[in-house]
2 protein chains.
Amino acid sequence: MSPTGATATGSIARPATAFAVLGGLRQADMNHIRSFWRNVVRYTAGAIVYAGRGSAGRRIIIISGWACETRILSDGRRQIFSFLLPGDAIDLARMSGVGSRAVMALTRLEVIDADIVAASQAHGDQDVAAAVAQALHQREDRMFDHMVRIGRLTAKERVLNLLLEFYDRLDAVGLTKGDTFRIPLTQEVFADTLGLSNVHINRTLQQLRRDGMIVLRAGSVTLHDRERLAQLACYEPDDHEQDGRFDSLRPQ
Amino acid sequence: MSPTGATATGSIARPATAFAVLGGLRQADMNHIRSFWRNVVRYTAGAIVYAGRGSAGRRIIIISGWACETRILSDGRRQIFSFLLPGDAIDLARMSGVGSRAVMALTRLEVIDADIVAASQAHGDQDVAAAVAQALHQREDRMFDHMVRIGRLTAKERVLNLLLEFYDRLDAVGLTKGDTFRIPLTQEVFADTLGLSNVHINRTLQQLRRDGMIVLRAGSVTLHDRERLAQLACYEPDDHEQDGRFDSLRPQ
DNA sequence: CGAGACTTTGACCGTAGTCAATTTATGTGG
DNA sequence: CCACATAAATTGACTACGGTCAAAGTCTCG
């Protein structure tokens with residue numbers, strides 16, 4: 001393991017693992033994807049993702065795992081700006097890590113250079129570059145939702161709203177099972193995301209559990225009646241246009 | 001005045017007014033700018049700025065006045081995402097105004113199509129298109145500062161931090177006089193920007209005045225000892241690289 | 001001068017923060 | 001598989017920051 005937590009993946013890696021998140025693939029796609037195999041870069045949880053590590057360039061696609069964009073103030077306070085889930089893309093330009101902004105792996109993370117993928121337009125009629133551009137746009141759109149969350153919603157609304165966003169995003173890449181999905185976040189991460197203290201997050205979650213609005217245990221969440229929850233949490237999926245995430249690699 | 005609040009400026013408008021904010025100009029620049037004259041679009045305070053109104057396109061440059069990006073929730077809560085000051089540029093694409101996002105004039109506003117200006121590279125060695133692109137980037141960078149503000153700072157810090165940002169931005173285009181600048185915002189706008197109630201904004205401002213940290217009256221603010229204030233407000237101007245605002249029209 | 005928009009004030013409430021201790025996972029080496 | 005170390009979740013007691021409601025005072029501008 002390199003000191004930065006990043007490792008270029010050798011031929012040891014098993015395709016089935018890294019790309020499983022993108023769903024079952026047609027044989028043609030599989031062949032196409034295998035060609036990227038040695039371009040996948042891995043990070044350990046807690047690692048900072050820099051541009052240029054391994055074979056990852058400035059624009060990257062998340063293959064598996066969760067990451068976040070964050071800033072840490074000199075006095076220790078931390079704010080998380082956004083989350084990066086499988087199928088998301090981000091431009092690492094101007095990420096400095098210092099007082100400014102950094103992308104941090106929240107779990108083990110697999111990443112690939114977006115330009116390498118885009119350069120080979122072999123699979124289907126999809127325009128990979130366009131899909132990446134769309135993913136970048138959606139990230140920006142979500143940023144506004146997030147500002148509303150921390151600026152104008154109550155603690156309960158913030159938590160629900162965020163969980164609903166996670167559901168929709170994960171569902172779009174096949175990472176939900178019915179109303180349930182896995183969520184690898186500590187309560188402290190929730191706190192630093194939603195502008196609350198970890199203690200208050202804890203109490204809010206318990207309240208939501210007691211009210212039967214969510215089921216949350218052992219790293220997985222279940223959201224029954226999302227329609228109603230969305231109402232309660234001011235969650236208005238602006239129909240963020242088409243789904244622009246990088247699932248052009250998924251079965252048609 | 002059109003129903004939307006937008007009017008295309010005819011030849012009646014006086015150059016000296018609209019472009020005064022960009023500072024005194026060399027004779028060559030003045031001539032160049034005169035050619036844009038009929039492309040300036042005006043809005044009244046409170047008007048929504050849409051792409052395509054008058055001669056303004058998708059990417060616009062603020063010539064004079066203040067505007068903001070905002071969203072209004074169905075229950076009336078409002079969040080302001082960013083402010084647009086003279087010299088700033090913004091891409092109006094995907095501004096819907098409805099539940100999503102809108103640009104609203106906070107004062108009388110003068111705007112010009114960025115592409116029209118960029119199309120004529122006559123003045124100096126500056127690359128206008130690059131300056132506009134930079135301005136767009138800076139807007140994004142400031143968005144992160146803003147998330148930290150509403151997510152992690154106290155009320156007092158939020159207010160100071162925002163005022164310091166205004167100072168730096170206005171100073172960059174010559175709109176400060178010593179430690180003082182004009183600020184056309186109501187306390188309610190502050191509230192909806194900083195995620196606080198208007199009443200609390202009022203009390204916070206009074207507190208800051210009593211502590212002698214700011215002077216605020218009749219629409220103008222004075223910030224003495226900004227170094228100290230920056231310290232207190234976690235204001236860390238990340239040295240947002242070069243100054244990429246649209247002041248390439250200003251004297252060299 | 002009057003209307004409407006903004007600001008200011010007071011009283012009171014409630015959400016969320018802080019500090020500190022305890023319990024419960026999680027994980028690691030033996 | 002157990003023992004220990006560490007991280008994470010939970011709880012209680014107390015505080016305080018910020019919200020709400022309602023009334024009164026100011027300012028602007030036609």
Side-chain angles (χ1 to χ4, degrees), chain A residues 1 44-46 66 73 75-79 104-108 149-162 182-211 214-221 232-233, chain B residues 1 44-46 66 73 75-79 104-108 149-162 182-211 214-221 232-233:
Chain A
M1 197 62 56
T44 55
W66 288 46
L73 304 185
D75 63 6
R77 281 179 286 189
R78 179 174 71 156
Q79 177 65 48
M104 189 180 80
L106 292 168
T107 65
R108 261 182 303 188
R149 235 175 248 142
I150 60 184
R152 279 300 177 222
L153 302 193
T154 66
K156 217 179 292 188
E157 288 171 330
R158 292 182 208 192
V159 171
L160 278 181
N161 192 299
L162 183 61
R182 311 223 82 239
I183 186 170
L185 307 181
T186 67
Q187 296 185 355
E188 194 176 351
V189 168
F190 270 96
D192 290 339
T193 301
L194 298 175
L196 300 164
S197 70
N198 57 344
V199 174
H200 197 64
I201 286 289
N202 183 283
R203 294 186 163 127
T204 303
L205 288 174
Q206 290 179 57
Q207 187 65 52
L208 290 173
R209 276 189 282 234
R210 239 177 286 125
D211 297 347
I214 68 174
V215 180
L216 167 54
R217 28 177 270 284
S220 75
V221 192
L232 292 170
Chain B
M1 200 63 57
T44 54
W66 289 46
L73 304 186
D75 63 6
R77 281 180 285 189
R78 179 174 73 156
Q79 177 64 49
M104 188 179 82
L106 293 169
T107 65
R108 261 181 303 186
R149 233 174 252 143
I150 60 185
R152 279 301 178 222
L153 301 192
T154 66
K156 217 179 292 188
E157 289 171 331
R158 292 182 207 190
V159 172
L160 278 181
N161 191 298
L162 183 62
R182 308 223 86 238
I183 186 170
L185 306 181
T186 68
Q187 296 184 356
E188 193 176 353
V189 168
F190 270 96
D192 290 340
T193 301
L194 298 175
L196 300 164
S197 69
N198 57 345
V199 175
H200 197 63
I201 286 289
N202 182 282
R203 293 187 162 125
T204 302
L205 288 174
Q206 289 181 58
Q207 187 65 52
L208 290 173
R209 277 189 280 232
R210 238 176 288 124
D211 297 348
I214 68 174
V215 178
L216 167 56
R217 26 176 271 284
S220 75
V221 192
L232 293 170

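Here the structure is a predicted model, which is why all the values come from computation and not from measurement. Letters A, B, ... mirror the listed sequences (proteins, then strands); counts begin at 1.
Contact annotation for A:Gly195: backbone-only contact, meaning every heavy-atom pair under 4.0 Å involves sugar-phosphate atoms and none involves a base. Among the protein residues, B:Thr204 comes within range of no part of the nucleic acid, since none of its heavy atoms lies under 4.0 Å from any strand. B:Arg209 comes within contact range of the sugar-phosphate backbone alone, with a heavy-atom separation under 4.0 Å but no base atom that close. Residue A:Thr186 is classed as a sugar-phosphate contact, given heavy-atom separations below 4.0 Å to backbone atoms only.
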Point to revise | Step-by-step side-chain contact (heavy atoms from CB on, under 4.5 Å) determination, B:Arg77 to A:Leu153 | key: CA-CA 9 Å; B:Arg77 281 180 285 189; A:Leu153 302 193; 4.0 Å; yes

Review point. Does the pair B:Thr204 and B:Arg158 meet the rule for a side-chain contact (heavy atoms from CB on, under 4.5 Å), with working shown?
Key: CA-CA 10 Å; B:Thr204 302; B:Arg158 292 182 207 190; over 6 Å; no

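Each of A:Gly219 and A:Leu196 lies near DNA chain C, and the nucleotide nearest A:Leu196 is the one positioned closer to the 5' end. Projected onto DNA chain D by closest heavy-atom contact, A:Gln187 and B:Ala218 fall at different nucleotides, the more 5' of which corresponds to A:Gln187. Toward the 5′ end of DNA chain C lies the nearest nucleotide of B:Glu188, the other residue of the pair A:Val199 and B:Glu188 mapping further downstream.
Atoms NE2 (A:His200) and P (D:dA16) sit 18 Å apart, rounded to a whole Å.
Among C:dT8, C:dA16, C:dG10, the nucleotide with an atom closest to any side-chain atom of A:Thr154 is C:dA16. Comparing D:dG12, C:dG10, D:dG18 by their nearest atom to the side chain of B:Ala155 picks out D:dG18.
For the side chain to side chain donor-acceptor pair (under 3.5 Å) with B:Gln187, the lone residue among B:Asp192, B:Asn202, B:Asn198 that qualifies is B:Asn202.
A donor-acceptor contact under 3.5 angstrom links the side chains of B:Gln207 and B:Arg210, judged on distance only.
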